[in-house]
Amino acid sequence: MSTPATVILGTGSYAPDRVLTNEDLSKMVDTSDEWIRARSGIRERRIAAADQATSDLAVQASLRALEASGVPASEIDLVVVATVTPDYPMPSTACIVQHKLGVPTSAACFDVNAACSGFIYALDTACALVSSGRYRRALVVGAEKLSSVVDWQDRGTCMLFGDGAGAVVVGPGTTPGLGLIGTKLGALGEDTDLLYIPGGGSRLPTSAESIARGDQFIKMKGKEVFKLAVRVMEEAARDILEQHGFQAHQIDLVIPHQANLRIIDAIAQYLELPVERFFVNVDRYGNTSAASIPIALDEARRSGRIKAGDLTLLVAFGAGLTYGSALIRW
Ligand code: UT7
């Protein structure tokens, strides 16, 4: 009999109140609601308030995940935050979240940067640490304030991204066959410049010149990223299914990274699955990078789209370029 896998004990998510519609955007750049909906499926996105940082979004989502799991903050011994928009370059956002939640000082806290695949990377890391017995209760968060790194004059990127956070509490399982069945992570490091923020790191430290050039903003070669996203997410989905002896039709719900409805449609077509089998909320939030999968997971759980015994596939692709997939039995 197989040993029990790690399990998700509870989920939570949070989106800031301010809604930025396509109509609003069309007053800021040369675009239209029709173009954005047709090319991406996005109708609106959430924008954090000026005084809200990524940790503030993360804390709200975490409180909801802790409540849903019934695990008090005092029992958390590991905090992993996936983000590309940390409150500060140093220290990690996980330490700030730990303090705000009242997680004990004996907890290990660190960030993971794997962009839109970040939540699956963080989940895999936390589950490995919990299943090793080193930690018992992990808080895994995906949180982003992408509005702080978006070039609001670049119509090719600004309509895509939004702010938000999602979180899960992870613990050791008790029932063999239930929980995280497996994960597959990978990276295509040669394609870093297809999607990146050039400035503010050690290669191009912030300077008056770098700011004047707009190096602090997200740069993306959208078409190339689109094609790779479809191919690599399909492969990541197929690989993990094959590795664990499943067929695509056995998946009850796919929770894909929410980047573009056309990407989701294409993956559904290649996997020969009805698109209804995919959870979609990109229309309401746009692409929230590391937050996209945990927000979708929480909405799927709370709306009854995931039931006991269901098989869920998570699959993501993002800057790095990174990819990841995970299979969960509930
Ligand atoms: O999280 C993982 C990473 N991100 C992604 O997965 C995103 C992947 N990429 C995409 O989703 C798509 O590439 C976009 C939605 C960003 C763009 O769609 P596209 O079909 O690839 O359009 P495009 O960038 O090739 O642009 C086509 C045309 C261009 O005009 P010309 O050169 O054909 O005259 C653009 O200038 O559309 C123009 N365009 C716009 N027009 C109106 C680009 N952005 C806009 C806009 N409104 N917002």
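Computed over heavy atoms, backbone and side chain alike; hydrogens, waters and symmetry mates excluded. Numbers here simply count residues along the sequence, with the first being 1. Counting starts at 1 for both ligands and their atoms, in listed order.
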Under the side chain to side chain donor-acceptor pair (under 3.5 Å) test against N287, which residue among R45, H257, E144 passes?
H257
Min N/O separation [X] to ligand 1 under 3.5 Å:
| X | result |
| --- | --- |
| G222 | yes |
| S32 | no |
| S40 | no |

Using 4.0 Å as the upper bound for N to carboxylate O, is an ion pair formed by K145 and D163?
no
Should R43 and E23 count as an ion pair when the cut-off is N to O under 4.0 Å?
no
Where is the nearest protein heavy atom to [atom]: which residue, which atom, and how far?
| atom | value |
| --- | --- |
| atom 47 (N) of ligand 1 | T31 OG1, 2.6 Å |
| atom 29 (C) of ligand 1 | R155 NH2, 4.8 Å |
| atom 17 (C) of ligand 1 | W35 CH2, 4.0 Å |
| atom 18 (O) of ligand 1 | R262 NH2, 3.6 Å |

In ligand 1, which numbered atoms sit nearer than 4.0 Å to a non-hydrogen atom of [X]?
| X | value |
| --- | --- |
| L160 | 16 (C) |
| I263 | 6 (O) |
| R39 | 15 (C), 20 (O) |

Can you check [atom]: any protein non-hydrogen atom closer than 4.0 Å?
| atom | value |
| --- | --- |
| atom 21 (O) of ligand 1 | yes |
| atom 24 (O) of ligand 1 | no |
| atom 33 (O) of ligand 1 | no |
| atom 6 (O) of ligand 1 | yes |

Return each pair, listed once, that meets side chain to side chain donor-acceptor pair (under 3.5 Å) where at least one residue sits in residues 303-313; pairs must be two or more places apart or across chains.
T312-W330
N260, V29, D33: member with heavy atom nearest to atom 11 (O) of ligand 1:
N260
